[in-house]
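Down below is the structure, laid out as structure tokens.
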Amino acid sequence: MLPAVHLKNPTAEEFRDRIIHYLRYACGLELRHARAADHLAALELAVRETLIDREILSRRTYDEVQPKTVHYLSLEYLLGRLLHNNLISTDLLVVAREAMQLLGLNLDTVLEEEPDPGLGNGGLGRLAACFLDSLATLDYPAYGYGMRYDYGMFRQSFEDGWQVEHADTWLQRGFRWEIRRDDLRVPVRFGGRIDWNRTEAGGHRPAWADWRTAYGVPYDVLVAGFRTNTVGILRLWDAQAASEFDFHIFSKGNYVKAVAGRERVEALNRVLYPADDVEAGRQLRLAQEYFLVACAVRDVVDRFRRRHAEAWELFPDKMVFQLNDTHPALAVAELMRFFVDDAGVPWATAWELTRASCNYTNHTLLPEALETWPVTLMEKLIPRHVQIIYEINRRFLEGVKARGVSDPDRLRRLSILQEDGEKRLRMANLAIVGSTRVNGVAKLHTELLRTRVVRDFAEIWPERFIPITNGVTPRRWLRACNPRLSTVITERIGGGWAKDLDRLYELSAFADDESFQDELLEIKRANKSDLAVELERLCDVALDVDSLFDVQIKRLHEYKRQLLNVMHIIMLYQRIKADPSSEVVPRSFIFGAKAAPSYHMAKLIIRLINGVADVVNNDSDVDGRLRVAFPPDYRVSLAEKIIPAADLSEQISTAGMEASGTGNMKLALNGALTIGTLDGANIEIKDAVGDDNIFIFGLTADEVEERLTTGSYKPWDFYRTDLELAAVLDAIKTGEFVGRDRDAVRGVWSSLMEHGDRYMVLADFRSYVDTQDRAAEFFKDRRGWARAAILNIAAMGYFSSDRAILEYADKIWGLVAVAVKTPEGS
Ligand code: 26V
């Protein structure tokens, strides 16, 4: 008999007793001695108990059903805080609030104590987190595999307007959501050399020799589905040095060297690489990518073997991998290594099994973000994989030639190995060759992939490339972050929307309902007022709650064009200076952005924004009509406060450069109107909300491409013909806003006027500014604006990550939902 698992939720009194229990037996404290951090710990453990009960049921069900399971491989998971979401998923929110009250505590205060696990850079990592939520909510058997970085995304502060990075010590006060699984520790081989052994047939067989072993220790983070018993697992790996290997050195009396060797292995998951722009080409990053893949493959193969012994032909029917960008692309080589070297499967069969179980999602079109690794670096770390990749490439190119491709340039572009200059492995080519499906993350993005970035591949395998537009989880990005709006939506259309976001469409019936419009405006105002309090605390700026809250929150990148936004602010400022009595619609500009520590231009733009903020916020002519708030350390928990308060959502990337965007969806879902280019998912958002309910401006992707490739783009032409633009550029050039940093920040001007303005800021300036003027004018029509906001919310159903995951399950994974069985009588 299996032990009974209780699934009924506790009463507030029972839950209070659970909290007291954990305070006593996990923290060793009586209530009267507990501090805020202890309240948080005890509450987390009390909720975790429910997650564990459900997790046990999920595992039990899967052991019995042995369903096909998806494995999401990602170097990043931008989870954000987990307590609030877990309370909602388990339906314990009300009970917990009451229980805290019974203890004389306030739940909201305790929720604010939780640090953000920031194990990701930006959109790609946050998408992985939304997908885990949807997988569990839709009852799909799934694992996420990732790295348990000691230090996640750096903490950002500003000193004299400059970004300063600090270590993110998210684990310092303990992380209650993880469970260390020493029973599932796996060995990972690295280093060594290749020996050529004679086979019986007289040939030579390569063998990996003299490798060393590190260990991967998994920590499981339980991911509760919303209103279902399914609990998924995010398995994060920690690197551990092998004690034998130290002992060998240690026994020779060199203690220091032994410890240093340990250090080197364990440094593997010390830190998340905080760049999402250019490949740093660092050996440690390559080692991280290999380590994750080796741990994940071993874990999956072990589970397969427990269930299906050596029936490897079943592997693709039971196990499927999704590669989140090229970062885990070595999974293709590692699976081949396992099948061929460890399982003794013939190469051709091994290749069929590998390719049938792998799929790859591309998240970027920027050529500089496409990963390549020097082969010499790889040979030191994983010599056997290098051989395997050569063989994959040899057979692939043979196959291509057999299909009649003979143009050497084309073959060179298709090759997994880049051979001009230093020999390098092209991770995208490996991922494409080793996958059944390759997907883009929005329609335009997929089209540009097919026709530009990997055109040669799309020509030989058109069916391999498919679009699946991103989505966001409505649990975190509406229900949890915007309780006011959630409540009125539920009042109007019932609560089903949180699991079936298409239901929001029923709100369009209320678009012209003045009472609903008023309710919406009131909620927005209340959210803005909450945010204003927070921003006053964070950056000492007082915002006018009735001003237009204009929000741009995303990583700082030239292609995302925060610069265009700040140039618009400068222009508005100059209009006021020219005529202080002129009528302006009051605006509050809110930025959130981290720059990669090595991204010089991004850091200059941060300095410029902070400089403009300083001048504008303190000029008496402006008289509070323009305000700029740039709170430091933008992260998921700050996004959750900003998004519900936004009126206008800035999605202003150079067309053809933003793969999808997901912030655009979160903001529209919370009733912000978008000002944006025809880029990424903006196009699909426009189609959903209608041209009248979105502000579109700027060049199209084709127009950008045409100007960039023909060299017909001349930034100076715009300088000469647009007086307002010229004044803005002059102010940047002379360093008007940045005091003694004027020489440094002049680099921003140079990038536009001397280095060709790669991101076409000048080309889009006039169209952007005119569209902003239209938006401001429309904002004065409060009811009209509310109507448009309602129509935005109503149209966001499609942008749920549930819809995205259903598409992956259907078009890529061939995955079937499995209802978790509850024990009888519960
Ligand atoms: C790229 C690189 C380049 C090499 C150095 C390490 C590193 C780490 C991360 C990345 C990821 C950049 C790609 C990315 O985040 N793409 C974003 O993905 C979102 C989800 O699909 C999408 O909405 C954004 O448009 C896209 O920029």
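For ligands, and for the atoms within them, numbers begin at 1 and follow the listed sequence. Nothing fancy with the numbering, it's 1 onward along the sequence. Values in this document were obtained by computation on a predicted structure and should not be read as measured data. What's counted below: heavy atoms across the whole structure, side chains too, no hydrogens, waters or symmetry copies.
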From E368, Q651, E76, R282 - option closest to atom 9 (C) of ligand 1 by heavy atom: E76
Please output the side-chain donor-acceptor pairs of residues 120-127 that fall under 3.5 Å, not counting sequence neighbours, one pair per line with the distance.
| from | atom 1 | to | atom 2 | distance (Å) |
| --- | --- | --- | --- | --- |
| N121 | OD1 | R555 | NH1 | 2.6 |
| N121 | ND2 | E76 | OE2 | 2.9 |
| N121 | ND2 | Y273 | O | 3.0 |
| R126 | NH1 | L78 | O | 3.1 |
| R126 | NH1 | L79 | O | 3.0 |

Going by the atom numbers of ligand 1, which of them fall below 4.0 Å from some non-hydrogen atom of G123? 19 (C), 20 (C)
What ring-ring contact (aromatic ring centres under 6.0 Å, His included) pairs are there with at least one residue in residues 645-684, not counting sequence neighbours? none
Short N/O distance, under 3.5 Å, between K560 and ligand 1? no
With rounding to the nearest 0.5 angstrom, report the CG to CG distance, L119 to L75. 11.0 Å
A student checking ligand 1 against V441 at a 4.0 Å heavy-atom cut-off should list atoms 21 (O)
With respect to atom 11 (C) of ligand 1, which of H363, H327, H557 exhibits the smallest heavy-atom separation? H327
Below 4.0 angstrom from a heavy atom of Y559, which ligand 1 atoms are there? Numbered from 1 as shown, please. 27 (O)
Would you say G661 contacts ligand 1, with heavy atoms under 4.0 Å as the rule? yes
Counting heavy atoms only, which part of L75 comes closer than 4.0 Å to ligand 1: side chain, backbone, both or neither? neither
Does NZ or CZ of R803 come closer than 6.0 Å to the centre of the six-membered ring of Y798, within 45° of the ring's axis? yes
With distance as the sole criterion, is a donor-acceptor pair present between the side chains of Q651 and S653 under 3.5 Å? no
Indicate, as side chain, backbone, both or neither, the part of A275 found under 4.0 angstrom from ligand 1 when only non-hydrogen atoms are considered. backbone
Consider only side-chain N and O atoms of D633 and H166, and report whether a donor and an acceptor are under 3.5 Å apart. no
Subset of ligand 1 atoms that lie under 4.0 Å from at least one heavy atom of A659: 25 (O)
Kindly assign one of parallel, tilted or perpendicular to the pair Y145 and W237, based on the angle between their ring planes and the thresholds 30° and 60°. parallel
The atoms of ligand 1 lying under 4.0 Å from a heavy atom of E658, numbered in the order shown, are 24 (C), 25 (O), 26 (C), 27 (O)
Using modelled atom types only, decide if a donor and an acceptor are shared between the side chain of K443 and the backbone of A681 within a distance under 3.5 Å. no
